[in-house]
Amino acid sequence: MPDTMTPTSRLDAERARLVATIEAAVPLLRDEAAVCDAAPAFPARSIAVLRSAGALAAPMPQANGGLGLGTEPGGVAGLVAVLGALGRGSIAVGRLYEGHVNALKLIALYGDARQRDMAAADAAAGHLFAIWNTEQPPGLKLTAGGILAGGKIVCSGAGHVTRPLVTARRPGEPEQILLPRLAPGEHVVPGSETRLHGVRAAGTASISLQGLAVGPDGVIGAPGDYLRQPEFSAGAWRGSAVALGGLESLVALAAEQLVARGRAEAPLQLARLGEALIAVGTARLWTTRAAEAAELSRLDAAEVAATVNLARIAVENAALDAMRLVTRSLGLAGLVAPNPVERILRDLATYLRQPAPDETLTEAAAWFVANRRLP
């Protein structure tokens with residue numbers, strides 16, 4: 001029988017298949033999250049699921065063999081669903097994949113045709129991308145000869161990410177995006193593994209790039225592109241989507257445990273669950289609004305950034321409210337391992353600690369006030 005599917009319907013089917021595969025893998029991700037949190041250890045099986053499902057190559061544009069998941073408007077709904085599913089299964093894996101998508105988005109935006117093709121080939125071959133930008137003074141430097149001096153700290157996926165985007169400076173210039181090519185296990189500073197409060201399975205450590213050469217293919221875009229709006233702020237919606245998935249899992253587990261105890265019909269417990277469900281709905285609405293503003297709208301850059309920044313704070317507040325309610329409802333039992341609630345509370349508390357929340361909120365509010373607009 002002849003294939004009657006159009007290119008658009010075939011692409012939609014491939015995106016739907018990927019979403020279904022990731023959603024079906026949530027129990028596996030959840031099981032490995034518990035094991036890797038306790039060790040702590042890198043979630044190798046979960047990342048292998050992403051590889052085999054084609055999720056690592058999916059963010060690249062269709063022209064580069066991808067599904068446009070996060071790089072083209074048609075892929076937005078699929079990426080929202082994938083990030084949410086990952087957050088429900090493992091916030092650590094969601095963190096790793098969100099960084100992978102972020103890196104490929106920047107290459108798609110600022111890289112040249114050859115760099116996009118190389119990134120697509122590497123992603124299809126199973127390489128994990130990331131963005132490593134946190135550093136200690138004097139920061140990562142790039143010499144005139146293309147040699148790096150320094151390193152990065154708090155690098156998720158250290159030793160497992162083989163295609164990290166890093167920011168470095170030449171004297172007198174803004175930050176430049178670079179793409180060094182690493183082998184597994186290379187450049188991890190011995191003994192630098194970071195014992196985070198949560199998201200322990202993300203494999204966080206410090207990286208030394210001292211003496212590493214970066215050729216022309218590893219220089220992405222122009223100096224200053226990393227901070228260019230709206231993408232610098234707009235990309236935060238992807239982290240909100242992961243946090244939303246974790247929040248959904250947290251509230252669902254709390255309800256299940258209250259039912260198992262025979263306490264779910266107590267009026268005060270129902271009231272707390274009701275408030276927690278409202279928090280989930282609030283986070284979902286703001287995440288959707290942020291994704292649409294960032295990827296689908298024709299808003300100007302300043303409005304996109306302001307909208308996504310408000311959404312980031314709204315999701316954080318919703319999650320913090322729900323965490324308080326769940327902790328009050330379950331009592332000490334929710335804070336004792338191996339109860340998965342205990343891990344998710346720690347993972348959310350850590351993952352929500354994004355930089356400069358006060359500045360993010362006030363700058364966003366200032367834009368809407370100055371322009372007499374509502375989001």
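Both backbone and side-chain heavy atoms feed into the values below; hydrogens, waters and symmetry mates do not. Nothing fancy with the numbering, it's 1 onward along the sequence.
- Tyr351 contributes no side-chain N or O that, together with a main-chain N or O of Ser240, makes up a donor-acceptor pair within less than 3.5 Å.
- Cluster annotation: Leu320 and Val341 are assigned to the same hydrophobic cluster (Ile/Leu/Val/Met/Phe/Trp/Tyr, side-chain heavy-atom contacts under 4.5 Å, transitive).
- A distance-only check finds a donor-acceptor pair linking the side chain of Gln229 to the backbone of Ser233 [under 3.5 Å].
- Comment: Arg45 does not engage Glu32 in a salt bridge, judged by the lack of any side-chain N to carboxylate O separation of less than 4.0 angstrom.
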Atom pairs and distances, donor-acceptor, side-chain atoms in residues 261-272, under 3.5 Å, two or more places apart:
from   : atom 1 : to     : atom 2 : distance (Å)
Arg261 : NH1    : Leu330 : O      : 3.3
Arg261 : NH2    : Leu330 : O      : 3.2
Gln269 : OE1    : Arg272 : NH2    : 3.3
Gln269 : OE1    : Ser329 : OG     : 3.1
Gln269 : NE2    : Ser329 : O      : 3.2
Arg272 : NE     : Ser329 : OG     : 3.0

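- Side-chain contact between Val242 and Arg95 is absent, with no heavy atoms from C-beta onward closer than 4.5 Å.
- Every side-chain contact (heavy atoms from CB on, under 4.5 Å) that Val219 has, sequence neighbours left out, goes to Gln176, Leu178, Val214.
- Interatomic distance, Ile91 CD1 to Leu96 CG, rounded to the nearest 0.5 Å: 12.5 Å.
- A 4.5 Å side-chain heavy-atom check between Val166 and Glu175 finds every atom pair outside the cut-off.
- Among residue pairs with one or both ends in residues 50-70, none qualify as salt bridge (charged side-chain N to carboxylate O under 4.0 Å, His left out); sequence neighbours excluded.
- Taking CG of Leu86 as the reference point, atom OG of Ser46 lies at 8.5 Å (rounded to 0.5 Å).
- Residues Asp122 and Arg163 are paired through a salt bridge, judged by an N-O separation under 4.0 Å between the basic side chain and the carboxylate.
- In this structure, CG on Leu128 lies 8.5 Å from CG on Leu50, to the nearest 0.5 angstrom.
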Could you give the side-chain donor-acceptor pairs of residues 366-375 under 3.5 Å, partners two or more places apart or in another chain?
from   : atom 1 : to     : atom 2 : distance (Å)
Asn371 : ND2    : Trp367 : O      : 2.8
Arg373 : NH2    : Glu303 : OE1    : 3.2
Arg373 : NH2    : Glu303 : OE2    : 2.8

Begin with the C-alpha distance, continue with both residues' side-chain angles, and end with the deciding distance and a verdict on side chain to side chain contact (heavy atoms under 4.5 Å, CB included) for Trp132 and Val161.
-> CA-CA 10 Å; Trp132 294 339; Val161 167; 3.7 Å; yes

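- Screening residues 214-223 for side chain to side chain donor-acceptor pair (under 3.5 Å), with sequence neighbours left out, gives Arg114-Asp217.
- Inspection of the Lys152 and Thr167 side chains reveals an N or O donor paired with an N or O acceptor under 3.5 Å.
- The 12-atom threshold is exceeded at CD of Glu173, counting heavy atoms of other residues, nucleotides or ligands nearer than 6.0 Å.
- Screening residues 283-300 for side chain to side chain donor-acceptor pair (under 3.5 Å), with sequence neighbours left out, gives Lys105-Glu295, Trp237-Glu295, Glu248-Arg284.
- Taking the side chain as every heavy atom from C-beta outward, Thr282 and Asn317 never approach each other to under 4.5 Å.
- Judged by distance alone, with hydrogens and angles left aside, the side-chain atoms of Arg200 form a donor-acceptor pair with the main-chain N or O of Leu196 at under 3.5 Å.
- Both Leu69 and Val93 are part of a single hydrophobic cluster, where members link through side-chain heavy atoms under 4.5 Å apart.
- Interatomic distance, Leu348 CG to Glu316 CD, rounded to the nearest 0.5 Å: 11.0 Å.
- With hydrogens and angles ignored, the 3.5 Å screen pairs no side-chain donor or acceptor of His187 with any backbone N or O of Ile207.
- Looking at Thr162 and Arg181, their side chains never bring a donor and an acceptor atom within 3.5 Å of each other.
- Side-chain contact check for Leu212 versus Ile147: every heavy-atom pair is 4.5 Å or farther apart.
- Cluster note: Leu165 groups with Met60, Leu104, Leu106, Ile107, Leu109, Tyr110, Phe129, Ile131, Ile177, Leu179, Ile220, Tyr226, Leu227, Phe232 through ILVMFWY side-chain heavy atoms spaced under 4.5 Å, whether in direct contact or through intervening members.
- One finds the OG1 atom of Thr71 at 8.0 Å from the CG atom of Asn64 (value rounded to the nearest 0.5 Å).
- Side-chain contact between Asn309 and Leu361 is absent, with no heavy-atom pair separated by less than 4.5 Å.
- Both Val76 and Ile22 are assigned to one and the same hydrophobic cluster, defined by single-linkage of ILVMFWY side chains at heavy-atom distances under 4.5 Å.
- More than 12 heavy atoms of other shown residues, nucleotides or ligands fall within 6.0 angstrom of atom CZ in Arg353.
- His197 and Thr350 share no side-chain donor-acceptor pair at under 3.5 Å.
- Residue Leu335 is grouped with residue Leu352 when hydrophobic side chains (ILVMFWY) are merged at heavy-atom distances under 4.5 angstrom, including chains of intermediate members.
- The nearest pair of heavy atoms linking Ser208 to Val189 is N-CG2, 3.7 Å.
- Grouped with Val154 in one hydrophobic cluster are Ile153, the linkage being side-chain heavy-atom contacts under 4.5 Å among Ile, Leu, Val, Met, Phe, Trp and Tyr residues.
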Would Asp225 and Arg228 count as a side chain to side chain contact (heavy atoms under 4.5 Å, CB included) if you check the C-alpha gap in whole Å, the side-chain angles of each, and the deciding distance to 0.1 Å?
-> CA-CA 5 Å; Asp225 277 349; Arg228 189 190 298 182; 2.3 Å; yes

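- For Glu186, the side-chain contact (heavy atoms from CB on, under 4.5 Å) partners are Leu182, Ala183, not counting sequence neighbours.
- The shortest side-chain heavy-atom distance between Met323 and Leu250 falls under the 4.5 Å cut-off.
- No donor-acceptor pair under 3.5 Å is formed between the side chain of Glu193 and the backbone N or O of Ala205.
- Judged as a side-chain contact (heavy atoms from CB on, under 4.5 Å), and not counting sequence neighbours, the contacts of Ala201 are Cys36, Pro43, Ala92.
- Remark: His160 pairs with Phe42 by the ring-ring contact (aromatic ring centres under 6.0 Å, His included) rule, at least two apart or across chains.
- Between Thr21 and Ala53, the shortest heavy-atom contact is CG2-CB, 3.8 Å.
- Electrostatic pairing of Arg116 and Asp112 does not count as a salt bridge here, judged by no charged N lying under 4.0 Å from a carboxylate O.
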Check the pair Ser249, Arg30 against side chain to side chain contact (heavy atoms under 4.5 Å, CB included), reporting the backbone distance first and the verdict last.
-> CA-CA 10 Å; Ser249 183; Arg30 188 175 291 142; 4.1 Å; yes

Test log, rule side chain to side chain contact (heavy atoms under 4.5 Å, CB included), inputs Leu11 and Gln62 = CA-CA 9 Å; Leu11 178 63; Gln62 296 173 63; 3.2 Å; yes

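- In this structure, the side chains of Val308 and Arg238 stay at 4.5 Å or more apart for every pair of heavy atoms.
- Among residues at least two apart or in separate chains, there is no side chain to side chain donor-acceptor pair (under 3.5 Å) pair with a member in residues 73-83.
- The closest side-chain heavy-atom distance from Thr6 to Arg10 is not below 4.5 Å.
- Grouping the Ile, Leu, Val, Met, Phe, Trp and Tyr side chains by contacts below 4.5 angstrom, directly or via other members, places Leu296 with Leu83.
- Checked for salt-bridge contact, Arg346 and Glu342 meet the test: a charged N lies under 4.0 Å from a carboxylate O.
- Taking all atoms of both residues into account, the shortest heavy-atom contact from Ala81 to Val19 is CB-CG1, 3.7 Å.
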